[in-house]
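Working notes for the structure below.
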Amino acid sequence: MNRTFALVDCNNFYCSCERLFRPELKNVPVVVLSNNDGCIVARSQEVKDLGIKMAIPLFKVMDLIKKHQVQVFSSNYTLYGDISARVMQALEEFTPNLEVYSIDEAFLDLSGFSDLEEYAKKIRSTIYQHVGVPVCVGIAPTKTLAKLANYGAKKFKLTGGVVDLSDPERQKKLLAITPVSEVWGVGRKHTENLKKIGITTALKLAQMDTRQIRRHYSVVMERTVRELNGETCIEFDDSPEPKQQIMCSRSFGERITDYSTLRETVCEFAARAAEKLRGEDQLAHVVNVFIRTSPFAKHDPNYSNSATGKLIQPSSDTRNILALATKLFDSIWMDGYCYAKAGVMLGDFCSPDQVQFDLFTPKAAEAHRDKLMQAVDTINHSGQGQIWFGGQRPEKDWFMKQAHLSPAYTTRWDSLPLV
DNA sequence: TCTGGGGTCCTAGGACCC
DNA sequence: TCTGGGGTCCTAGGACCC
């Protein structure tokens, strides 16, 4: 059967969220920064037109920002997460076959649907009316081509934000004018290497011999080439596998030089990671802790290290994870450095009903642990206050810079916009 | 002065098995 | 002097995604 995929992708998503409750920013240049106000991670069209690149550190373009009075925002993930949920909910009205691919995009399996372009236009106008965020829709027989169609819909205004690539002739036309770097799965390295052998457009890549691609690159790239030719290799996946790894890490607003403060931040990350783990209803076997100085600091000595350890048995109990994380931290801590970032990773997961219990721990004790962690999570999510473990540092004074944070308009009573 | 925070998948190579 | 052939598992590192 012929497959049909649609990719719905929000336009400049974070910027659109910031504009939602600030309509006066509609035709004004807007950027959103990464955590710690470091890099630019979202740009409105006006900013793209100024030639400001994605992921560039803010300080490098400060002159342009000031000159054009660009409105600058710190990331407000509470807001973006909520708006994203609304977009996805609205999309579910159009098909139950929805794969939420990232915070701002989703694949829809529209196999068997007709009048695709009309349907896509309806999706666009509905999302805009119900949520207020502009989206573009790309339609094609494979996900990679749907991505490409979406690129076309965004790039060429005359398309009205919808491109249907069901027709192979139209595919070819778009492939011919698309730089190979825009293809899903082709990153910086591959772009460079492809350029050396004269492959500069998506069409040239699509016309390459798959055996040659596999030999010189990988099966991943081979799949990309096949997908560009309309052969489905990347399946639709509306019930993703549970996570295999959970990470919690941050760069610091200010460098940390003393043992106890860095230890407290590591505990903070470990506790947060354990909480995420319980949210996934999984147990972790392996814990990894890393600390590092800034790789950009020219004058300070550099140090970066990590340590990995295994829990006696898989657990999601914050106390077990904290105990191991602090032990690992002590094994890599070095005095005399200016630390810029640290983090905790959990891995090697299993589900609670698969775990091999410790011969020497009575089952009743296990049940108690679970209840204690549940109680902690319930209290911390209630909004009524916080409880934490001894090693943590509840006052997050080491935390990130967020100088331009907008209100949590849709998720806090005291931040509701006034009309 | 100032450089994000998550994830995934694949491959190569080493250790080890019989 | 001659030194097999077939595997598995694990890890580190590199590429990619948003």
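Lettering follows sequence order; numbering is per chain, from 1. Keep in mind the model is a prediction, meaning the values are calculated, not measured.
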Open item on the list: Please classify the nucleic acid contact of A:Asp37 as base, sugar-phosphate, or nothing, using heavy-atom distances under 4.0 Å.
Closed with: nothing

Open item on the list: Can you confirm whether A:Tyr217 sits close enough to A:Val225 that some side-chain heavy atom of one is under 4.5 Å from a side-chain heavy atom of the other?
Closed with: no

- [ ] Kindly determine whether A:His216 and A:Ile197 satisfy side chain to side chain contact (heavy atoms under 4.5 Å, CB included), including the steps that lead there.
- [x] CA-CA 12 Å; A:His216 292 298; A:Ile197 54 169; over 6 Å; no

Task: Check: A:Lys147 and A:Glu105 side chains under 4.5 Å, non-hydrogen atoms - done: yes

Task: Of the listed nucleotides B:dT3, B:dG5, C:dC18, the one nearest the side chain of A:Arg255 - done: B:dT3

TODO: Please name all residues satisfying side-chain hydrogen bond (donor to acceptor under 3.5 Å, both in side chains) with A:Ser351, sequence neighbours left out, ordered by chain then number.
DONE: A:Asp353

Open item on the list: Checking side-chain hydrogen bond (donor to acceptor under 3.5 Å, both in side chains) between A:Glu222 and each of A:Arg211, A:Arg214, A:Gln212, which is the one that passes?
Closed with: A:Arg214

Could you list the protein-to-nucleotides 13-17 of chain C atom pairs, N/O on both sides, closer than 3.5 Å?
| residue | atom | partner | partner atom | Å |
| --- | --- | --- | --- | --- |
| C:dC16 | OP1 | A:Gly187 | N | 2.9 |
| C:dC16 | OP1 | A:Gly187 | O | 3.3 |
| C:dC16 | OP1 | A:Lys189 | N | 3.4 |
| C:dC16 | OP1 | A:His190 | N | 2.9 |
| C:dC16 | OP2 | A:Lys189 | N | 3.4 |
| C:dC17 | OP1 | A:Gly185 | N | 2.9 |
| C:dC17 | OP1 | A:Val186 | N | 3.4 |
| C:dC17 | OP1 | A:Val186 | O | 3.4 |
| C:dC17 | O3' | A:Trp184 | NE1 | 3.3 |

TODO: Classify the side-chain pair A:Thr144/A:Arg223 by whether it contains a donor and acceptor separated by less than 3.5 Å.
DONE: no

Task: A:Met62 CE - B:dT3 P separation (whole Å) - done: 14 Å

TODO: Figure out the NZ/C1' separation between A:Lys276 and B:dG6, and round it to whole Å.
DONE: 7 Å

Task: Test salt bridge (charged side-chain N to carboxylate O under 4.0 Å, His left out) applied to A:Glu182 and A:Lys155, step by step - done: CA-CA 11 Å; A:Glu182 296 295 336; A:Lys155 175 124 186 158; over 6 Å; no

- [ ] Rounded off to whole Å, could you give me the CD-to-C1' distance for the A:Glu254 and B:dC2 pair?
- [x] 12 Å

Task: Nearest-angstrom distance from the residue atom NE2 of A:His285 to P of C:dT11 - done: 12 Å

Open item on the list: Output the rounded distance in Å from CZ (A:Phe269) to C1' (B:dG6).
Closed with: 13 Å

Open item on the list: Nearest whole Å is fine: how far is B:dT3 C1' from A:Asp300 CG?
Closed with: 15 Å

- [ ] Measure from CG on A:Asn35 to C1' on B:dC2 and round the result to the nearest Å.
- [x] 15 Å

- [ ] Go through A:Leu262 and A:Phe252 one step at a time and tell me if the side chain to side chain contact (heavy atoms under 4.5 Å, CB included) criterion holds.
- [x] CA-CA 10 Å; A:Leu262 192 58; A:Phe252 310 131; 3.7 Å; yes

TODO: Select one nucleotide: of C:dC18, B:dT3, B:dG4, the one nearest the side-chain heavy atoms of A:Lys60.
DONE: B:dT3

TODO: List for me each residue that meets side-chain contact (heavy atoms from CB on, under 4.5 Å) alongside A:Gln244, sequence neighbours excluded, and say none if there are none.
DONE: none

Open item on the list: Closest approach to the side chain of A:Asp104, judged atom by atom: which nucleotide of B:dC2, C:dC18, B:dG4 is it?
Closed with: C:dC18

TODO: Please list residues of residues 204-221 of chain A whose heavy atoms come under 4.0 Å from any atom in DNA chain B, ordered by number; otherwise none.
DONE: A:Val219, A:Val220

TODO: Could you tell me if the ring centre of A:Tyr119 sits under 6.0 Å from that of A:Phe94?
DONE: yes

Task: A:Val180 side chain reached by A:Thr201 side chain, heavy atoms, under 4.5 Å - done: no

Task: Heavy-atom side-chain contact between A:Leu7 and A:Lys143 under 4.5 Å - done: no

Open item on the list: Please give me every residue in residues 222-248 of chain A whose heavy atoms get under 4.0 Å of an atom in DNA chain B, ordered by residue number.
Closed with: A:Arg223, A:Lys243, A:Gln244, A:Gln245, A:Ile246, A:Met247, A:Cys248

Open item on the list: Side chains of A:Trp184 and A:Ile234, heavy atoms from C-beta outward: is any pair under 4.5 Å?
Closed with: yes

Open item on the list: Measure CE/A:Met54 against C1'/B:dG4 and give the value in whole Å, please.
Closed with: 10 Å

- [ ] Indicate yes or no: does A:Lys189 engage A:Glu192 in a salt bridge with an N to O separation below 4.0 Å.
- [x] no

Open item on the list: So, OP1 or OP2 of B:dT1: does either fall under 4.0 Å of a side-chain N or O from A:Lys401?
Closed with: no

Open item on the list: Between C:dC18 and B:dT3, how many Å separate the two P atoms, rounded to a whole number?
Closed with: 25 Å

Open item on the list: What stems show up for DNA chain C when you take Watson-Crick pairs (N1-N3 plus N6-O4 or O6-N4) and G-U wobbles (N1-O2, O6-N3), both under 3.5 Å, and require three or more consecutive pairs?
Closed with: B:5-18 with C:5-18

TODO: Look at A:Ser294 and B:dT3 and indicate whether a side-chain polar atom (N or O) is within less than 4.0 Å of OP1 or OP2.
DONE: no

Task: Side chain to side chain, A:Pro301 and A:Tyr337, heavy atoms closer than 4.5 Å - done: yes

